[in-house]
Amino acid sequence: MLILQLPDGSSKQYEQPVTAEKVAMDISPRLAQAAMAAVVDGKKVDLTTPLPDGEHTFKLLTDRDADSLEILRHTTAHVMAQAVRRVFGKDVQYTIGPALTDDFQYGFYYDFDMPTPAKQEDLEKIEQEMQKIVAEKLPLARLELPVEAAKQKFGQLGQAYKVELIDDLVKDANVSSVSLYEQGDFVDLCRGPHLPNTGKVKAFKLMSVAGAYWRGSEQNKMLTRIYGVAYFDKKAMDEHIQRVEQAKLRDHRLLGKQLGLFLISDAVGPGLPLWLPRGTVIRHQLEGWIRSELTARGYQLVITPHIGRLAMYRTSGHYPYYKDSQFPPILMQDKESACCAEHANEPVLEEGYLLKPMNCPHHIQIYKANQHSYRDLPVRLAEFGTVYRMEQSGELNGLTRVRGFTQDDAHLFCTPDQLEDEVRGCCDLVKLVLGTLGLTDYRVRVGMRDPASDKYVGDPANWERAEQNLRNVVSHLGMNYSEEKGEAAFYGPKIDFVVRDCLGREWQLGTVQVDYNLPERFGLEYMGSDNQPHRPVMVHRAPFGSMERFIGILIEHFGGAFPLWLSPVQAAVLPVSDKFNEYAIKVQQAGKDAGLRVELDDAPDKIGAKIRRWTMQKVPYLFVVGQREQDEQTVSVRQRGAAEVGTFKLDAAIAAMNEEAASRGAKAAFAAT
RNA sequence: GCCAGCGUAGCUCAACGGUAGAGCACCGCUUUUGUAAAGCGGGGGUUGCGGGUUCAAAUCCCACCGCUGGCUCCA
């Protein structure tokens, strides 16, 4: 006997055996046609799976339910794997192929081990085969097999990866049987659920082919990953593709070029951005703003060199622990101290220097230069410090992943008692930065060490303490966060503020890190009230993270349309003909005198062309001036995103703009008339 | 670093074995312009770099550099 509670509150009784499909048919044939899967007691199941006895909540998933999309995509991944096997033959091994539901670009992928990796141009062939499989309307049959039988089956099929996956299921979950899904000539190890048959797969597109290491480890073989997307109808898929295309227009690499913000020149080197005049304005605005916040919060500004002795980075641990991601050291040849002529040309390592990968050792030297009393603490040393890291070539990405970048760095030296307050203060600053700029869509990641890894310095007891400190702070900040193992810095755990770029890729911006280890390695001290030396704790923090990455994200966030205070050009003066150039110069000068960044467009173009030019540059305000404006000492104001907002006295327009700029985006200068 | 794709004028792209082209931008002339592109003319390229195949290479092959999408990494 089976009793099903339906979502509308009604219930239905059945004699066994019954499947969800039968229930759907019973309710209405149209529903049965639209049904993709069912949810029994909150768990998604196939339409064809026999329902268990007893009383259950029951819901059918149709193509309109968001949950169905995941099932559709998962089934589409199976269809793709089947097609790949048909096209490329039985030598292809299929490994894992999940659905993606929160990825901006892709809807699923499948990783294959194939004798020769698939190429971009193969995707079309695979798609055509997939269409055939869809037309065949192959039913997906679920089978439960005992572990040994399943291993034997995949062994016979030459699917060694599946055998390995089953072994892991036994090892990790101690399962005695596994589920398989079979569709025509294809069978896969899979938890399910799936669509009832391949004919339910409607709109899909294969998007790209990439390499991916088996189990995500570079020790393992590189597999061929094919990404695709699937929807229940073509319209939804076209909208998806449209959405991705639109997002690409916000890409900071594109806008950086169009708006003349920065340049990455191969002549200078990959990952070494050059800030163009307009981009530099944005950076200076942000730096100036945060500098005033820092001085108000008791920070002291310092400046340190771009290189430091290798020996110092051995002490800090940077050199031994992160040797691979640094530019090679600058080694000095010291012929005098060479033991003999034979070794005279060998560099003497101890005399070498390192391009700094981090600012902390320099700041530590500043702390060490004086004695400190507990009364002095916390000492907060801040610097826009430029650091260099040898990032892997395949990782470089516009401004968001570079090899030379400037951190809005600071190191706070405090007593253990002060630590959590200091960390809280740093988190507040990060939130101020993100909030002011409207970057509200971020997540907080608490990065802990991975005890199994040997890439961390210091005493486990220090780590325990530091991790507990961070937990204490975040749990009282009212922020959602996730704790992630293996995401710590090598010297301590950290709180990271992570945002997404236009293509949905995550980037860490602000960071706050607790460090008991470097103070120990450098022997830092302060004198306590007990007249005994004590060891301070350090906080490393950067609210922007790096200026490069932050501005890269900011460009995408605003789509290049920066708020007035950040806009490289705040207004352009556009005379309707060169008869009014003289008045236009006066307008420009008045703006400049008031501290605004104003450009003059005296090109021999018609006014429409001028408007178009500066509109495309996303300049917030355009001042059109002609006979009337000259006569009345006014400007006709055109606002970005709107058309004309009216004619204003020159002085009033300038004053209103200054007010808007000072508000950092909180106020608008002109109400549309 | 690894897998796949790409690299042609300042920018966006065409030509895909047979003399390298367009639009925008730039320069000159005409027009003196009223809210998203006036007209005409001109200059500009050893097709990323280096080899090879061929009577002939932007085009085919090899190596290198760089970029893009992923993977790994990410202090």
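All heavy atoms count here, side chains included; hydrogens, waters and symmetry mates do not. Throughout, protein chains are lettered first and strands after them, A, B, ... in sequence-line order, and every chain is numbered starting at 1.
- A donor-acceptor contact under 3.5 angstrom links the side chains of A:W614 and A:D601, judged on distance only.
- Base pairing annotation: B:C71 forms a Watson-Crick or G-U wobble pair with B:G1, both donor-acceptor distances under 3.5 Å.
- When the nearest nucleotides of RNA chain B are assigned to A:Q407 and A:T224 by heavy-atom distance, the more 5′-ward of the two goes with A:T224.
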Starting at the 5' end of nucleotides 30-38 of chain B, put B wherever the base has a protein heavy atom under 4.0 Å, S where only the sugar-phosphate does, and a dash everywhere else. --BBBBBBS
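- Side-chain N/O atoms of A:H363 and A:E383 include a donor and acceptor closer than 3.5 Å.
- Counted within 6.0 Å of NZ on A:K368, heavy atoms from surrounding residues, nucleotides or ligands total more than 12; the atom is thus considered enclosed.
- Rounded to the nearest Å, the gap between the P atom of B:G10 and that of B:U47 is 13 Å.
- Nucleotide B:C11 forms a pair with B:G23, judged by Watson-Crick or G-U wobble geometry with both contacts under 3.5 Å.
- Between A:H540 and A:H411, the ring-plane angle classifies as perpendicular under the 30° and 60° cut-offs.
- When all heavy atoms of A:S636 and A:E629 are compared, the pair lying nearest together is CB-OE2, 3.5 Å.
- Distances shorter than 4.0 Å separate none of the side-chain N or O atoms of A:K455 from OP1 or OP2 on B:C73.
- The side chain of A:Y322 approaches B:A75 more closely than any other nucleotide in the set B:A4, B:A75, B:U12.
- Summarising the geometry, atom NE2 belonging to A:H362 is positioned 9.5 Å from atom NE2 belonging to A:H306; distances are rounded to the nearest 0.5 Å.
- Taking the ring centre of A:Y516 as origin, the terminal cationic atom of A:R465 falls inside the region bounded by 6.0 Å and 45° from the ring axis.
- Taking the six-membered ring for Trp and thresholds of 30 and 60 degrees, A:F490 and A:H318 have ring planes more than 60 degrees apart, a perpendicular arrangement.
- Spacing between atom CD1 of A:I126 and atom P of B:A4 amounts to 14 Å, rounded to whole angstrom units.
- Rounded to whole Å, the distance from CD on A:Q392 to C1' on B:G1 is 5 Å.
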How does protein contact run along nucleotides 65-70 of chain B, one letter per nucleotide 5' to 3', with B for base contact, S for sugar-phosphate only, - for none, heavy atoms under 4.0 Å? SSSSBB
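- Rounded to whole Å, the distance from OH on A:Y491 to P on B:A75 is 8 Å.
- A donor-acceptor pair shorter than 3.5 Å can be found between the side chains of A:R443 and A:S482.
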